[in-house]
Amino acid sequence: MEHYYQPEIECASREQIRAWQDERLVKQVKHVYDNVPYYRKKMEEKGVTPEDIKSVDDLHKLPFLTKDDLRDAYPYGLVAVPLKDCVRIQSTSGTTGRRVVAFYTQHDLDLWEECCARAITAAGGTKEDVVHVSYGYGLFTGGPGLNGGSHKVGSLTLPMSSGNTDRQIQFMVDLESTILCCTPSYAAFLGESINERGLKDSIKLKAGIFGAEAWTEEMRRDIEKSLGIKAYDIYGLTEISGPGVSFECSAQTGMHINEDHFIAEIIDPNTGEVLPEGSKGELVFTSITKEAFPLLRYRTRDICVLTREKCSCGRTHVKMSKPMGRSDDMLIVKGVNVFPSQIETVLLNKGYAANYQIIVDRVNNSDQIEVQVEMTPEMFSDSVTEITVKEKELVNALKAMLGIYAKVKLVAPKSIARSEGKAVRIIDNRKLY
Ligand code: DLL
């Protein structure tokens, strides 16, 4: 039975992993310093030169990179190789207002797909499997990443993309898909739809690889039951490559970070200080093998804990907990990244004031977002028709900005409670963390 398990790497000794990281970090810092004027300037401002970075112990001397840096340097400012050597661009989800584009050489695609192949293998995937990829394809990294990983494993790959649930189920039954890759909310929806149609006994699924958004242990149990599978978490972000930065193994107690490619740190999100192992804080990644878009000390804004406790699967790479929240105000709704500032931009452009509230719920495992917006006294009206027209206009403008449907409810002037401190913009009832 062929697979993609790489025990010489995934179960390497701590000393070996550390030696790889030391050597690759030194090389990577020099590569970035020599080829990315934007980051060189940041290093100079901090008074650091590549010669100061001799091992992972010196990592803390380097400046952080944030999403703001990525926006400042948009589109090409952080690319570290000639553009003619890049073969792919991907972008974060739902980011009309906050574009993040990432670049890949062929080598970068290979290592990304290798990470996804390890994730599929850890979920039990082999050459014998039919891998059903229902993550979106296109700029979003979910589809392309798992697709490439499945090819590397040698599995029969079904590039379904998302949506068209009837066709998904039909193919799942006819082609006997064994591993499903999609967001956990879509997995839950597919589970429900399969059971409604009485088709549970007709599907051959054994495992699922679900990520791109937060999901709870309860949701894992629901999905496992409704689809009759084992459900594995997978984590990643476009900036660092995409899915597969870390993945769950048979232990299902955290996700192994591919430490031969990425160095992980946990910092205090307020002070930037590196926290000792086991502390809860913001996850920071340094990519040590990427050529085109090698980010050093990139602040993910995801809050989690790292652990090096021995894992029953035998893998030695550090494990991260499920993200426990974010240190910024980004929401992930239906797998799409949503910033309140994007919503605010739409409202202000349409002549509203910045008095609004975003209410997020999860109904039947599906995210729903409602934006309550105060009318200004000038536009206030008792006419239901007039209000409906205005609401529709905002729904369309928000869809254009966010890429997803958000319900809009116009409310009377001064009806949204004012806060004495920071405005309470978000009411997230999903209790995901
Ligand atoms: O969501 C990449 C991905 C695709 C991961 C498919 C897993 C599966 P972005 O659109 O750039 O990339 O969003 C990245 O999503 O910083 C986290 O906040 C969140 N996220 C990703 N995976 C998980 C997860 C893809 N397993 C942002 N649990 C990250 C919780 C997750 N949050």
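Here the structure is a predicted model, which means the values were calculated and not measured. Ligands are counted one by one from 1 in listed order, and the atoms in each one are counted from 1 as well.
For the pair Lys399 and Tyr405, the cation-pi criterion (under 6.0 Å, within 45° of the ring axis) is not fulfilled.
Of the charged side-chain nitrogens involved, none lies within less than 4.0 Å of a carboxylate oxygen, so that Arg40 and Asp34 do not count as a salt-bridged pair.
For the pair Ile234 and ligand 1, the shortest N or O to N or O distance falls below 3.5 Å.
Below 4.0 Å from some heavy atom of Thr92 lie the following atoms of ligand 1, by number and element: 11 (O). Under a 4.0 Å criterion applied to the non-hydrogen atoms of Thr141, ligand 1 contributes the atoms 2 (C). Within ligand 1, counting atoms from 1 as listed, the ones closer than 4.0 Å to a heavy atom of Phe140 are 1 (O), 4 (C), 10 (O), 25 (C). Taking every non-hydrogen atom of Pro323 and a distance limit under 4.0 Å, the qualifying atoms of ligand 1 come out as 28 (N), 30 (C), 32 (N).
Among residues at least two apart or in separate chains, there is no ring pair (Phe, Tyr, Trp, His ring centres under 6.0 Å) pair with a member in residues 155-177.
The line from CD1 of Ile288 to CG of Leu111 is 10.5 Å long, rounded to the nearest 0.5 Å. With rounding to the nearest 0.5 angstrom, the CZ atom of Phe140 is 8.5 Å from the OG atom of Ser162.
At least one side-chain heavy atom of Leu65 sits under 4.5 Å from a side-chain heavy atom of Tyr39.
Under 4.0 angstrom from ligand 1, the non-hydrogen atoms of Asn337 all belong to its side chain. Under 4.0 angstrom from ligand 1, the non-hydrogen atoms of Ile332 all belong to its side chain. The proximity of Thr238 to ligand 1, defined as any non-hydrogen pair under 4.0 Å, involves the side chain as well as the backbone. In Asp302, the part holding a heavy atom less than 4.0 Å from any atom of ligand 1 is the side chain. Counting heavy atoms closer than 4.0 Å to ligand 1, residue Ala212 contributes atoms from both its backbone and its side chain.
When Gly244, Gly325, Gly236 are ranked by how near their heavy atoms come to atom 21 (C) of ligand 1, first place goes to Gly236. Taking only non-hydrogen atoms, the option from Glu213, Arg326, Glu248, Lys322 nearest to atom 32 (N) of ligand 1 is Glu213.
Taking the six-membered ring wherever Trp is involved, the centroid distance between the rings of Phe103 and Tyr76 falls below 6.0 Å.
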Donor-acceptor list for residues 253-260 side chains, cut-off 3.5 Å, not counting sequence neighbours:
unit_1 : atom_1 : unit_2 : atom_2 : d
Thr253 : OG1    : Lys319 : NZ     : 2.9
His256 : ND1    : His317 : O      : 2.8
Asn258 : OD1    : Arg118 : NH1    : 2.7
Asn258 : ND2    : Gly244 : O      : 2.7
Glu259 : OE1    : Arg14  : NH1    : 2.9
Glu259 : OE1    : Arg14  : NH2    : 3.4
Glu259 : OE1    : Arg308 : NH1    : 3.4
Glu259 : OE1    : Val318 : N      : 2.8
Glu259 : OE2    : Arg14  : NH2    : 3.4
Glu259 : OE2    : Arg308 : NH1    : 3.2
Asp260 : OD1    : Arg118 : NH1    : 3.0
Asp260 : OD2    : Arg118 : NH2    : 2.8

